[in-house]
Amino acid sequence: MEMLAKAPKGTRDILPDEIHKWYYVEEKFREIANRFGYKEIRIPVFEHTELFERGVGDTTDIVQKEMYTFNDKGGRSITLRPEGTAGVVRSYIQNGMSSWAQPVKLFYDITAYRYENVQKGRYREFHQFGVELFGAAHPGADVEVISLLHLFFKELGIKNLALNINSIGCPTCREKYNQKLKEFLGTKLDNLCHTCKERYDRNPMRILDCKDDSCKQMVVNAPALLDHICEDCAKHFERVKSKLTAMDIPFSIDKGIVRGLDYYTRTVFEFVSENIGSQGTVCGGGRYDGLIEACGGTPTPGIGFGLGVERLLLEMDNQKIEIPAPKSPDIFIGFVGEQAEELAESLTLKLRAAGISCDKDIMARSVRAQMKYANKINSRFIIILGDNEVESGKVELKDMTTGETKDINIDTIVDRLLKYKIGN
RNA sequence: GUGGGUGUAGCUCAGUUGGUUAGAGCGCCAGAUUGUGGCUCUGGAGGCCAUGGGUUCGAAUCCCAUCAUUCACCCCA
């Protein structure tokens, strides 16, 4: 196949036969977010590169090697958003949301872009649902966000999604911990893999989830960050845990969760599936109390998450969760002859104007071919117009599911179909 | 960036130790039914066998390269 007729690597079309699944989860997410008091925000697909360097963190993989960055014709460095939080934070500052009624509760439904090798559940253009909650430092905020996800998955009928939580403390306790970790690893430095030797100086925490066997062994008895967070952070985490328990939201503690984005503080969490391959993280999020300040705003606590829609759909497919079928047309109008064609055209428009989904042939096909088409598009009713019908004003209304027909006046067809729709 | 699998019709796939006109099912179009769908039957369209090179009398088949795709590692949604 030629390049011309080929979507770029890591992108794909969402075709008409699957779009109802997207409508379904999008509508569910929107509806639940609204129920929790979150309002939708729409942000640009691209931002100034500096925003992501600052907001996501310039030591992260995302910024170092995964961004779609280019210069526009004005010489500005522009980057396609690799995630949603940075853009929403920028908007929060730019639009003075700190003077809105607090807290500010926002949700979004976006595409995001990362230049990575493609595999199951991972694309270069992908979709994220997300929520950002600004202004609330209280552990109740962490729990509200998590409970939104809990309810979302529950109402979609998804089972066996494990909620893992951890606390990665604040910058102060992380600094202290990094010292401790370096002391622990100092004697073992020679046994670490090449990348981990570099991590030792820049970000020693990353050594903990290295997949290298030798590194894994070295790290078995390493101190865990969670055991070394400061008193305030520990207290915060305790309250999050007890609130989750009180709300009957099951969770496990995973001391290994170290979010890949620099901005996280304190609570971090993810919802993980075991059966959609190695890309099992359907949703990841956490608290980012220093981010708004780091982006030039006044110090404001924040918490949010990003949810991978492709992975969500993959998991639902895996669990054989039924998604309501798309609506089929109410009626197809067949015709033969020129007079009948004109009647069919005006009648079709009249039905459509009345809110009835109606279709007719526009390829000058035989009545037989028209009927086959009506069947293929799954039309509920059909009528056929010819000279007789034009003259008498009467028509046979046929129910395609039962094959039954009924003689009716053409004038009454709108009412009949409206009644059918309401009653059904 | 690293490693493995796979590239034949719109889709899912056959194709014998290399052998001459490359097949099936599904889908699409038309007809059987000149004004009535589904079921059935008949016919039709649709292929540079991913691309380029090599071996050979002869390559979809064997070899090399490139590209694409997919799974995995790293990392993440």
Side-chain angles (χ1 to χ4, degrees), chain A residues 1-3 5-10 12 15 17 56 59-66 81-85 109-130 149 193-196 199 203 206 209-213 215 257-261 264 270-273 276-285 304-315 332-337 340 361 363 365-390 395-405:
Chain A
M1 188 127 16
E2 291 177 36
M3 274 296 193
K6 189 129 190 62
K9 192 188 191 79
R12 55 175 211 158
L15 298 172
D17 69 342
V56 178
T59 64
T60 61
D61 278 11
I62 291 177
V63 169
Q64 284 187 343
K65 50 186 195 184
E66 294 174 2
R81 60 187 176 208
E83 52 99 59
T85 302
D109 171 9
I110 61 170
T111 54
Y113 304 84
R114 292 184 199 172
Y115 190 86
E116 295 183 272
N117 270 347
V118 174
Q119 59 186 293
K120 188 174 190 154
R122 171 191 284 169
Y123 305 94
R124 289 182 175 180
E125 178 185 65
F126 60 102
H127 294 73
Q128 274 192 345
F129 296 155
L149 285 161
C193 73
H194 177 69
T195 38
C196 279
R199 285 169 172 156
N203 197 348
R206 289 286 170 77
D209 54 7
C210 181
K211 301 296 187 280
D212 184 276
D213 282 338
C215 296
I257 301 179
V258 184
R259 304 265 86 215
L261 289 70
Y264 287 107
E270 53 190 32
F271 283 83
V272 184
S273 154
I276 59 172
S278 55
Q279 258 56 51
T281 307
V282 173
C283 171
F305 65 79
L307 184 154
V309 185
E310 282 83 359
R311 291 179 187 182
L312 174 72
L313 257 11
L314 213 57
E315 179 65 14
F332 182 90
I333 298 182
F335 61 87
V336 56
D361 179 71
M363 292 178 72
R365 290 195 280 204
S366 70
V367 170
R368 180 183 157 77
Q370 291 179 45
M371 287 309 101
K372 282 190 167 193
Y373 180 73
N375 191 56
K376 265 178 233 170
I377 63 174
N378 207 20
S379 186
R380 176 64 197 273
F381 295 100
I382 61 142
I383 59 171
I384 289 174
L385 304 177
D387 292 343
N388 295 342
E389 287 79 6
V390 170
V395 74
E396 254 185 12
L397 179 68
K398 180 171 178 179
D399 185 330
M400 294 290 272
T401 55
T402 62
E404 286 166 8
T405 62

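Just so we're on the same page: letters track the sequence lines, and every chain starts at 1.
- B/U61 is unpaired under the Watson-Crick or G-U wobble criterion, no partner having all donor-acceptor distances under 3.5 Å.
- If you check every strand for non-hydrogen atoms under 4.0 Å, A/Tyr123 touches a base.
- Within 4.0 Å of A/Glu116, counting heavy atoms only, lies at least one base atom of the nucleic acid.
- The side chain to side chain contact (heavy atoms under 4.5 Å, CB included) search around A/Ala340 returns A/Phe335, A/Leu385, A/Val390, not counting sequence neighbours.
- Nearest to the side chain of A/Gln128, among B/A77, B/C73, B/C29, sits B/A77.
- Taking every side-chain heavy atom of A/Arg311 into account, B/A77 is the closest of B/G31, B/G35, B/A77.
- Contact between the side-chain N/O atoms of A/Lys120 and the OP1/OP2 oxygens of B/C76 is not found at any separation under 4.0 Å.
- Within 4.0 Å (heavy atoms only), A/Asp399 reaches no atom of the nucleic acid at all.
- Judged by distance alone with a 3.5 Å cut-off, no donor-acceptor contact links the side chain of A/Arg114 to the base of B/C76.
- To the nearest whole angstrom, the two C1' atoms, one in B/G3 and one in B/A77, are 24 Å apart.
- A/Glu125 comes within 4.0 angstrom of nothing in the nucleic acid, heavy atoms only.
- You'll find that the side chain of A/Asp61 is closest to B/C75, out of B/U36, B/C75, B/A68.
- At B/A72, one or more side-chain N or O atoms of A/Gln119 fall inside 4.0 Å of OP1 or OP2 (strictly under the cut-off).
- Shown here, B/U42 forms a base pair with B/A30; the pair counts as Watson-Crick or G-U wobble because both key distances fall under 3.5 Å.
- Relative to the six-membered ring of A/Tyr123, A/Arg12 meets both conditions, a distance below 6.0 Å and an angle of at most 45° to the axis.
- Nearest nucleotide to the A/Met400 side chain, out of B/G37, B/C75, B/A68: B/G37.
- Sequence order on RNA chain B of the closest nucleotides to A/Lys372 and A/Arg368 puts A/Arg368 first from the 5' end.
- Taking a pair to require two hydrogen-bonding distances under 3.5 Å in either a Watson-Crick or a G-U wobble arrangement, B/U17 remains unpaired.
- The nearest heavy atom of RNA chain B to A/Ile382 and to A/Arg365 marks one nucleotide each, and the one closer to the 5' end goes with A/Arg365.
- The base of B/G37 is paired with the side chain of A/Lys398 by a donor and an acceptor separated by under 3.5 Å.
- Across every strand in view, B/C11 sits in a pair with B/G25 that passes the Watson-Crick or G-U test at under 3.5 angstrom.
- Look at the C1' atom in both B/C11 and B/C28: the space between them is 12 Å, to the nearest Å.
- A/Gly306 comes within 4.0 angstrom of sugar-phosphate atoms only, judged by non-hydrogen atoms across all strands, and of no base.
- A/Tyr373 meets the side chain to side chain donor-acceptor pair (under 3.5 Å) test with no other residue; sequence neighbours excluded.
- Taking only distance into account, the side chain of A/Glu389 meets the base of B/G35 through a donor-acceptor pair shorter than 3.5 Å.
- Here A/Gly337 lies out of heavy-atom contact (under 4.0 Å) with every strand.
- Under the Watson-Crick or G-U wobble criterion, with both distances below 3.5 Å, B/U55 is left unpaired in every strand shown.
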